[in-house]
Amino acid sequence: MAMTLSSKQVARFQSLFNRAPPDIEALMEECYHDRVLFRDPLVERRGTESLAQYLRSAYVNVTSCEFDFGEPASNAHSVMLPWSMTLEHPKLAHGRSFIVEGVSLLKGQDDLIVFHRDYYDAGELLYENIPVLGRIIQWIRSRAV
């Protein structure tokens, strides 16, 4: 049982994720292991069915979403993949596009992703871009420094 992801598989993941909305069925079939564990600052999902459901709901109202992936860093067990996401959503940032920086940690099994953890600032993605709440979060941050 190989515990790595090939560079070809990482490139496939990037390609499929960079569609708006991403090709969720192809991602589940071609990139993710049946027993995938996915975590980000908002949710934890186990298995391809649960992850697919989450991704579908996350993209339901998205106007546009584009990832600019950086150079992956890898070792025998994992791949770190930095990214900048440009997102446009009618209920966030008054419908204007905004950028969120993050990194994905991917671990493989048999050249499929068995673990996917996204690290990003949930405030930068969500809370700061909700009307009223965003102003409160920004005010709190300005007082914290």
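Residues: numbered from 1 along the sequence shown. Owing to the predicted nature of the structure, the values given are computational and were not obtained by experimental measurement.
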Looking at residues at least two apart in the chain, or sitting in another chain, which of them share a salt bridge (charged side-chain N to carboxylate O under 4.0 Å, His left out) with Arg12?
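So Arg12 forms a salt bridge (charged side-chain N to carboxylate O under 4.0 Å, His left out) with Glu30.
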
Taking all atoms of both residues into account, what is the closest heavy-atom pair of [X] and [Y], and its distance?
{"X": "Pro90", "Y": "Thr63", "answer": "CD-OG1, 3.6 Å"}
{"X": "Leu81", "Y": "Gly70", "answer": "CD1-O, 3.8 Å"}
{"X": "Met28", "Y": "Ala52", "answer": "CG-CB, 3.8 Å"}
{"X": "Gln9", "Y": "Leu112", "answer": "NE2-CD2, 3.8 Å"}

Supply the atom-to-atom distance [X] [atom1] to [Y] [atom2], rounded to the nearest 0.5 angstrom.
{"X": "Arg117", "Y": "Leu37", "atom1": "CZ", "atom2": "CG", "value": "9.0 Å"}
{"X": "Cys31", "Y": "His116", "atom1": "SG", "atom2": "NE2", "value": "10.5 Å"}
{"X": "Leu16", "Y": "Asp23", "atom1": "CG", "atom2": "CG", "value": "5.5 Å"}
{"X": "Ser6", "Y": "Asp111", "atom1": "OG", "atom2": "CG", "value": "3.5 Å"}
{"X": "Glu88", "Y": "Asn61", "atom1": "CD", "atom2": "CG", "value": "12.5 Å"}
{"X": "Glu101", "Y": "Ser84", "atom1": "CD", "atom2": "OG", "value": "3.0 Å"}

Answer with yes or no whether the side chains of Ser104 and Asp118 bring together a donor and an acceptor at under 3.5 Å.
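Yes, a side-chain donor-acceptor pair sits under 3.5 Å.
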
Taking it one step at a time, do Leu55 and Leu51 satisfy side chain to side chain contact (heavy atoms under 4.5 Å, CB included)?
CA-CA 6 Å; Leu55 291 175; Leu51 178 54; 4.1 Å; yes

Anything under 30° is parallel, anything over 60° is perpendicular, the rest tilted; go ahead and classify Phe17 against Phe13.
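If you compare the ring of Phe17 with that of Phe13, the planes turn out tilted.
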
Decide side chain to side chain contact (heavy atoms under 4.5 Å, CB included) for Val36 and Thr48; before the verdict, give the C-alpha distance in whole Å, the side-chain angles of both, and the deciding distance to 0.1 Å.
CA-CA 6 Å; Val36 65; Thr48 52; 4.2 Å; yes

Does atom CD of Glu44 have more than 12 heavy-atom neighbours from other groups under 6.0 Å away?
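Check passes, neighbour count above 12.
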
Flag the pair Asp68 / Thr86 as yes when at least one side-chain heavy-atom distance between them is below 4.5 Å, and no otherwise.
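No, every pair of side-chain atoms sits at 4.5 Å or beyond.
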
Tell me the salt bridge (charged side-chain N to carboxylate O under 4.0 Å, His left out) pairs involving residues 51-65, sequence neighbours left out?
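Output for this query lists Glu25-Arg56.
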
Go through Met85 and Cys65 one step at a time and tell me if the side chain to side chain contact (heavy atoms under 4.5 Å, CB included) criterion holds.
CA-CA 7 Å; Met85 176 179 65; Cys65 182; 3.7 Å; yes

Is it true that Phe67 and Trp83 have ring centroids separated by less than 6.0 Å?
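Yes - the distance between ring centres of Phe67 and Trp83 falls below the 6.0 Å cut-off.
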
